[in-house]
Number of protein chains: 2
Amino acid sequence: MSNNGYTGHMEPHEPDLTAVPVTSVLAALADDVRLQIVRALSEGGESPCGSFDFGVSKATRSHHLKVLREAGLTRTRAAGTSRLVRLRRDELDKLYPGLLDAVLAHHRPA
Amino acid sequence: MSNNGYTGHMEPHEPDLTAVPVTSVLAALADDVRLQIVRALSEGGESPCGSFDFGVSKATRSHHLKVLREAGLTRTRAAGTSRLVRLRRDELDKLYPGLLDAVLAHHRPA
DNA sequence: GAGCTTGTTCGACTCTTGTCGAACAACGGT
DNA sequence: ACCGTTGTTCGACAAGAGTCGAACAAGCTC
């Protein structure tokens, strides 16, 4: 955390899902902005980071995408000047069958 | 908050589940202590607050039970000097089918 | 009623989290 | 090479969350 020796290239750090505590997965989903991102992502396919404009700054958006990525919910790959994000749905469904469905099916009474 | 007009009786405040934001439900589950409480509760039946001794003080335990209750996950009723807590499983399963199962089935690799 | 047991509430403290603007980095186009 | 676009990272800040001990309340039992 305090290491400033930035060597110029760092991979997105996408953990093995089985190594992520359940509480981290749930915590990642327990935010309104992130839930909207996941909802958008659940449509399928890849989307650039910039497409998730939910009323927060790009710094905040980047932060939320990092949280999702480090919780094992998304994968990111560079594509030109953009970064394409996608849901790790199959892995999620295998490890937590029904979780995503339950969360996404619930169409926001709040 | 500075009002000292405590009238002497306050109900446990158990909200209608449909009025609770999804993020609050997820946030309630996104804590290790609370998840252990829910796991214990998922065995079925009612348990007194004191039975959830997961290495925290009774003040902290009381706090966590309050979070669960206000997120609509549990119900509490007074029974003598104790308070019996139970999971609102049927309601949960109806509103978020598969959620609890998915979370509870995952037997803690972390 | 005195005392014990069981929980809740009240500060207080610390750590984490969401948020932003600004600076930086990487890439693509002109 | 310069600039614009797209993201990330860096402080900084405010708000929230988890933790505790101590004080309080309510109910039993003797």
Side-chain angles (χ1 to χ4, degrees), chain A residues 1-14 21 23-38 46-71 74-86, chain B residues 1-14 21 23-38 46-71 74-86:
Chain A
M1 203 78 85
S2 54
N3 188 358
N4 56 352
Y6 182 62
T7 54
H9 190 65
M10 189 181 238
E11 278 148 6
H13 185 221
E14 292 166 356
T23 47
S24 297
V25 175
L26 293 169
L29 292 169
D31 177 277
D32 213 25
V33 174
R34 288 195 293 268
L35 201 45
Q36 289 182 70
I37 294 178
V38 170
E46 296 175 309
S47 307
C49 302
S51 66
F52 309 112
D53 195 346
F54 297 114
V56 294
S57 72
K58 61 178 177 173
T60 301
R61 184 198 322 148
S62 192
H63 161 70
H64 285 306
L65 288 169
K66 184 181 187 182
V67 172
L68 288 172
R69 188 176 56 235
E70 294 186 341
T74 60
R75 278 194 202 283
T76 305
R77 73 182 175 92
T81 163
S82 282
R83 283 174 166 276
L84 297 181
V85 184
R86 70 176 186 281
Chain B
M1 206 68 87
S2 54
N3 186 359
N4 56 354
Y6 182 63
T7 53
H9 190 66
M10 189 182 237
E11 277 147 7
H13 183 222
E14 292 165 357
T23 48
S24 297
V25 175
L26 292 169
L29 292 169
D31 177 277
D32 213 24
V33 174
R34 288 195 293 266
L35 201 45
Q36 290 182 69
I37 295 178
V38 170
E46 296 174 311
S47 306
C49 302
S51 66
F52 309 112
D53 194 346
F54 297 113
V56 294
S57 72
K58 62 177 179 174
T60 301
R61 183 198 324 150
S62 192
H63 162 69
H64 285 306
L65 288 169
K66 184 182 187 179
V67 172
L68 289 172
R69 187 176 56 233
E70 294 185 343
T74 59
R75 279 194 201 283
T76 305
R77 74 182 175 91
T81 163
S82 282
R83 282 173 167 276
L84 297 181
V85 184
R86 69 176 186 280

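Computed from a prediction, not measured in an experiment: that's the story for all the values here. Chain A is the first sequence line, chain B the second, and so forth, proteins listed ahead of strands; every chain is numbered from 1.
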Atom [atom1] of [X] and atom [atom2] of [N]: how far apart are they, to the nearest Å?
X     : N      : atom1 : atom2 : answer
A/D32 : C/dT17 : CG    : P     : 18 Å
A/L35 : C/dG18 : CG    : P     : 13 Å
B/R83 : D/dA26 : CZ    : P     : 11 Å
A/L68 : C/dT17 : CG    : P     : 14 Å
A/R77 : D/dT8  : CZ    : P     : 15 Å
B/F54 : D/dT19 : CZ    : C1'   : 17 Å
B/R34 : D/dT19 : CZ    : P     : 8 Å
A/F52 : D/dT8  : CZ    : C1'   : 16 Å

Candidate nucleotides [options], ranked by approach to the side chain of [X] - the nearest:
X     : options               : value
A/C49 : D/dG7, D/dT5, C/dG7   : D/dG7
B/S62 : C/dC20, C/dT6, C/dT8  : C/dT8
B/V56 : D/dT19, D/dG7, C/dT8  : D/dT19
A/H64 : D/dG7, C/dT8, C/dG18  : C/dG18
A/T60 : D/dT19, C/dC20, D/dT8 : C/dC20
B/H63 : D/dC20, C/dG7, D/dT19 : D/dT19
B/R61 : C/dG7, C/dT9, C/dG21  : C/dG7

(message) Check this one for me: any side-chain N or O of A/S57 less than 4.0 Å away from OP1 or OP2 of C/dC20?
(response)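 Answer is yes, contact under 4.0 Å.
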(message) Need one value for A/S82: base, sugar-phosphate or nothing, where a base atom within 4.0 Å counts as base even if backbone is also close, heavy atoms only.
(response)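 Sugar-phosphate, backbone atoms only, no base.
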(message) Using the side-chain hydrogen bond (donor to acceptor under 3.5 Å, both in side chains) definition, which of the options B/Q36, B/R69, B/R34 pairs with B/H64?
(response)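 Between B/H64 and the candidates, side-chain hydrogen bond (donor to acceptor under 3.5 Å, both in side chains) is satisfied uniquely by B/R34.
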(request) Decide yes or no for A/L65 and A/T76: does some side-chain heavy atom of the first lie under 4.5 Å from some side-chain heavy atom of the second? (result)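 Answer no - side chains too far apart.
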(request) Evaluate the side-chain proximity of B/T60 to B/V33: yes if any heavy-atom separation is below 4.5 Å, no if none is. (result)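 In short, these two side chains do not touch, never coming nearer than 4.5 Å.
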(message) Closest-nucleotide mapping onto DNA chain D: is B/V67 or B/K58 further toward the 5' terminus? I mean the 5' end.
(response)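 Looking at the nearest nucleotide for each, B/V67 comes out on the 5' side.
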(message) Quick one: does any side-chain atom of B/S82 pair with a main-chain N or O of B/A79 as donor and acceptor, under 3.5 Å?
(response)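 Between the backbone of B/A79 and the side chain of B/S82 there is no qualifying donor-acceptor contact (under 3.5 Å).
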(request) Could you tell me the separation between the CD atom of B/E14 and the OG1 atom of B/T74, rounded to the nearest 0.5 Å? (result)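 Reported to 0.5 Å precision, the distance equals 7.0 Å.
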